[in-house]
Amino acid sequence: MAMEYGTFKKEIRSIIGVDLNSYKEQQMQRRINQWVVRHRLQTLSGLVDTLRQDPEHKRQFLDYLTINTSHFFRDKNVFQYLIDSVLPEVCRRKRGKIWSAGCSIGAEAYSLVMILLETGFSFHSITATDLDAGVLAKAREGLYHENQLTALPPGYRQKYFTEVEGKYKIVPGVQKHVRFARHNLLEDQFSSGYDLI
């Protein structure tokens, strides 16, 4: 007998800690069915069994569900608005406590640090969180491919990265300002007192 989608959602929550009830059901079912077909798992039951038995498949599936793609200064208009309007107000408060929620590989948090260093704004800290422990490890490592740096403002690559065997490592002067932690936005408690999220 085929596994019902409701049962599947309960299994997924117990295996990877993601509550699929918080997502648009039709869109999520389509994505999951694509995964099942691509990996020749035949059924939702086959996917559940594979996730329980194969840690690497589990990691890849979580990455697929949470869409961990990012690059530096991903939306230039948003960053310009932050520079012109938001950060001056945030930093005027003498705290500048910032949270990058759903930080993926850390590009957003590190982009914010670069802006703050460039503008001379005083800030307390940047907390960067994500559900996926794998992408948090990449964020802490701070090592990026060239195509993730294409939107950097002029001069930032030379100033804030060092080249390491064809990749680019964020400099310690930026890295030290970000604290990474695992956090599930849908279930975990939020901290308070942030000036910018």
Side-chain angles (χ1 to χ4, degrees), residues 17-18 59-60 62-197:
V18 173
R59 185 197 66 73
Q60 290 177 8
L62 179 61
D63 191 50
Y64 174 75
L65 279 188
T66 53
I67 314 172
N68 289 312
T69 59
S70 189
H71 57 82
F72 289 85
F73 293 88
R74 185 168 156 188
D75 188 328
K76 287 187 177 182
N77 291 333
V78 170
F79 280 101
Q80 195 59 53
Y81 181 71
L82 287 171
I83 292 168
D84 295 340
S85 302
V86 177
L87 291 174
E89 176 61 25
V90 165
C91 296
R92 185 183 60 77
R93 301 175 191 178
K94 307 290 189 219
R95 291 185 305 164
K97 187 177 176 187
I98 299 169
W99 178 18
S100 174
C103 70
S104 185
I105 57 172
E108 176 183 85
Y110 289 139
S111 294
L112 282 167
V113 172
M114 290 180 226
I115 288 172
L116 290 161
L117 293 173
E118 287 291 315
T119 55
F121 290 134
S122 173
F123 65 105
H124 178 261
S125 65
I126 293 181
T127 299
T129 63
D130 201 279
L131 172 66
D132 188 332
V135 296
L136 286 171
K138 291 178 183 176
R140 288 186 186 102
E141 184 183 25
L143 194 61
Y144 299 95
H145 295 282
E146 186 171 12
N147 66 351
Q148 294 168 311
L149 278 57
T150 55
L152 284 171
Y156 276 42
R157 181 184 300 194
Q158 293 76 16
K159 189 171 184 179
Y160 294 115
F161 295 85
T162 54
E163 191 169 354
V164 180
E165 297 177 1
K167 293 185 179 179
Y168 294 86
K169 174 119 176 110
I170 197 87
V171 297
V174 170
Q175 216 165 10
K176 70 179 183 181
H177 292 290
V178 184
R179 183 184 68 84
F180 291 101
R182 189 174 186 275
H183 182 269
N184 185 336
L185 285 169
L186 300 176
E187 296 183 356
D188 296 340
Q189 290 291 317
F190 285 32
S191 185
S192 60
Y194 288 101
D195 302 294
L196 173 63
I197 298 176

Test item: Leu87 and Ile115 side chains (from C-beta on) under 4.5 Å apart, heavy atoms: yes

Tyr194 versus Ser191, closest heavy-atom pair with distance: CE1-CB, 3.6 Å

Aromatic plane relationship, Phe180 with Tyr110 - under 30° parallel, 30 to 60° tilted, over 60° perpendicular: perpendicular

Working for side chain to side chain contact (heavy atoms under 4.5 Å, CB included), residues Leu131 and Leu185: CA-CA 8 Å; Leu131 172 66; Leu185 285 169; over 6 Å; no

Closest non-hydrogen atom pair between Ala133 and Arg182, with its separation: N-NE, 4.4 Å

Value rounded to 0.5 Å, distance of CG in Leu196 from CD1 in Ile98: 5.0 Å

Tyr168 side chain reached by Gln148 side chain, heavy atoms, under 4.5 Å: no

Atom pair CH2/OG1 of Trp99 and Thr129 - distance to nearest 0.5 Å: 5.0 Å

Check: Lys169 side chain, Glu141 main-chain N or O, donor-acceptor pair, under 3.5 Å: yes

Output field: ring centroids Phe190/His183 closer than 6.0 Å: yes

Taking every non-hydrogen atom, the tightest pair across Phe73 and Phe79: CA-CE1, 3.5 Å

Where Gln175 and Ala139 come nearest, the two heavy atoms and their spacing: NE2-O, 4.4 Å

Heavy-atom side-chain proximity of Val178 to Leu112 below 4.5 angstrom: no

Point-to-point distance, once rounded to the nearest 0.5 Å, from CG of Asp75 to OH of Tyr81: 13.5 Å

Value rounded to 0.5 Å, distance of CD1 in Ile105 from NE2 in His145: 8.5 Å

Main-chain N/O of Lys97 paired to Asp195 side chain as donor or acceptor, under 3.5 Å: yes

Sidechain-backbone polar pair: Asp130 side chain, Leu136 backbone, donor-acceptor under 3.5 Å: no

Considering all heavy atoms, the nearest Ser111-Phe72 contact: OG-CD2, 3.4 Å

His71 NE2 to Glu108 CD distance, which is reported to the nearest 0.5 Å: 11.5 Å

Atom CD of Gln189 with >12 non-hydrogen neighbours under 6.0 angstrom: no

Candidates Gln158, Met114, Lys159 - the one meeting side-chain contact (heavy atoms from CB on, under 4.5 Å) with Leu152: Met114

Spacing of CG belonging to Leu116 relative to NE2 belonging to His177, to within rounding of 0.5 Å: 9.0 Å

Smallest separation among heavy atoms of Asp188 and Asn184, with atom names: OD2-N, 2.7 Å

Close side-chain approach of Phe161 and Ile170, heavy atoms under 4.5 Å: yes

